[in-house]
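Below you'll find the structure, written out as structure tokens, and then a few comments.
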Amino acid sequence: MFATQSVENIQFLPFLTTDVNNLSWLSYGFLKGDWTLILVNAVGAALQTVYILVYFYFSPEKRGVLVKTMGLLAVLLLGYCYFNLLVPDVSTRLARLGLFCSLFTITMYLSPLADLAKIIRTRSTQCISFPLTVTTFLASASWTLYGLLLQDLYIAIPNIPGIATSVVRFWLFWHFPPDPNRPYKSLQA
């Protein structure tokens with residue numbers, strides 16, 4: 001975004017879903033007392049918030065970005081109120097928050113596939129990032145293994161779609177290699 005001074009061809013949804021995902025897992029980590037979840041997701045939430053602010057700065061559609069971000073904050077506030085005020089039993093809260101986090105993680109991993117039809121129609125992977133695909137594969141595989149080590153299915157299971165969607169994107173890069181004559185946009189989300 002800094003290089004092009006634009007958000008053209010950069011989806012906002014992955015930034016937003018990843019931020020919600022990090023903030024949700026941060027809450028789960030605090031409730032569970034898991035410092036790995038706390039540290040990783042605190043850093044992730046901070047970075048995603050910076051990405052959202054940068055996106056907002058460069059976006060010509062500031063109102064749309066602001067409305068979506070305010071919607072995110074409203075959902076987070078409602079979730080906080082629900083989990084902390086209406087579910088007093090800690091084990092029940094942990095189970096429900098784990099399920100919520102799991103569903104949001106799956107949404108986060110599926111959001112970059114919104115461009116799938118465009119990629120197939122144009123026969124170009126220009127709108128997706130290969131480094132992000134590699135990172136997603138490694139992160140989702142790591143979280144799956146971590147969840148299995150802890151015997152926490154709320155962590156392990158929702159990361160499997162991250163592995164699967166990364167494999168689909170690897171296949172797309174193999175089947176529709178980037179055009180060497182067009183510069184690769186490394187900041188694509």
Side-chain angles (χ1 to χ4, degrees), residues 1-28 39-82 100-140 143 158-159 161-162 164-166 168-170 172-173 176-189:
M1 289 182 276
F2 281 110
T4 63
Q5 301 287 301
S6 151
V7 295
E8 184 181 348
N9 295 324
I10 299 175
Q11 290 183 343
F12 184 62
L13 182 61
F15 293 132
L16 206 54
T17 58
T18 304
D19 204 16
V20 170
N21 187 58
N22 287 133
L23 292 167
S24 300
W25 283 110
L26 180 61
S27 297
Y28 184 81
L39 181 64
V40 170
N41 287 290
V43 171
L47 289 173
Q48 289 303 320
T49 301
V50 169
Y51 296 152
I52 287 170
L53 292 172
V54 170
Y55 191 98
F56 178 76
Y57 179 78
F58 288 114
S59 176
E61 291 290 323
K62 292 193 184 330
R63 186 173 197 275
V65 172
L66 195 57
V67 166
K68 290 174 186 170
T69 304
M70 290 298 126
L72 159 77
L73 292 174
V75 167
L76 288 174
L77 182 61
L78 287 172
Y80 178 82
C81 289
Y82 171 75
F100 176 81
C101 291
S102 297
L103 293 173
F104 230 97
T105 297
I106 292 168
T107 302
M108 180 194 72
Y109 283 136
L110 295 178
S111 67
L113 291 182
D115 281 334
L116 191 60
K118 178 182 175 185
I119 293 166
I120 292 170
R121 185 178 62 253
T122 62
R123 305 180 66 79
S124 169
T125 53
Q126 203 68 24
C127 64
I128 57 175
S129 167
F130 188 77
L132 183 60
T133 301
V134 171
T135 304
T136 299
F137 178 79
L138 294 174
S140 55
W143 281 116
N159 284 286
T165 58
S166 295
V168 168
R169 287 185 284 168
F170 285 136
L172 288 168
F173 277 108
F176 305 118
D179 183 357
N181 297 325
R182 288 178 62 188
Y184 179 68
K185 296 178 182 173
S186 61
L187 293 175
Q188 297 294 316

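Keep in mind it's a predicted model, so treat the numbers as computed, not measured.
The side chain to side chain contact (heavy atoms under 4.5 Å, CB included) test applied to L138 returns V134, not counting sequence neighbours. Residues passing the side chain to side chain donor-acceptor pair (under 3.5 Å) test with S24, sequence neighbours excluded: none. Residues passing the side chain to side chain contact (heavy atoms under 4.5 Å, CB included) test with I106 are L110, P158, P161, sequence neighbours excluded. Residues satisfying the side chain to side chain contact (heavy atoms under 4.5 Å, CB included) test with L76, not counting sequence neighbours, are V20, L23, L72. Y82 is linked by a side chain to side chain donor-acceptor pair (under 3.5 Å) to R96, counting only residues two or more places apart in sequence or in another chain. Applying the ring pair (Phe, Tyr, Trp, His ring centres under 6.0 Å) criterion to F104, with sequence neighbours excluded, gives F100. By the ring pair (Phe, Tyr, Trp, His ring centres under 6.0 Å) test, Y109 pairs with no residue at all, sequence neighbours left out. Residues that satisfy the side chain to side chain contact (heavy atoms under 4.5 Å, CB included) test with T135, not counting sequence neighbours, are absent from this structure. By the side chain to side chain donor-acceptor pair (under 3.5 Å) test, N41 pairs with N22, sequence neighbours left out.
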Mind running side chain to side chain contact (heavy atoms under 4.5 Å, CB included) on W25 and T105 for me, showing each step along the way? CA-CA 9 Å; W25 283 110; T105 297; 2.6 Å; yes

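Going from atom CG of L47 over to atom CD1 of I52 covers 11.5 Å, rounded to the nearest 0.5 Å. Annotation: the span from S166 atom OG to L172 atom CG amounts to 11.5 Å, rounded to 0.5 Å. Here CZ of F173 is found 7.5 Å from CD1 of I119. Values are rounded to the nearest 0.5 Å. Atom-to-atom distance recorded for L16:CG and N21:CG is 11.5 Å, nearest 0.5 angstrom. Rounding to the nearest 0.5 angstrom, the gap separating the OG1 atom in T17 from the CZ atom in F12 is 10.0 Å. I128 contributes atom CD1, which lies 10.0 Å from atom CD of Q126 (distance to the nearest 0.5 angstrom).
Residue pairs meeting the side chain to side chain donor-acceptor pair (under 3.5 Å) criterion with at least one partner in residues 48-66, sequence neighbours excluded, are D19-T49.
Applying the 6.0 Å contact sphere to CZ of F170 captures more than 12 heavy atoms from other residues, nucleotides or ligands.
Looking only at distances, no side-chain donor or acceptor of T18 sits under 3.5 Å from a matching main-chain atom of F15.
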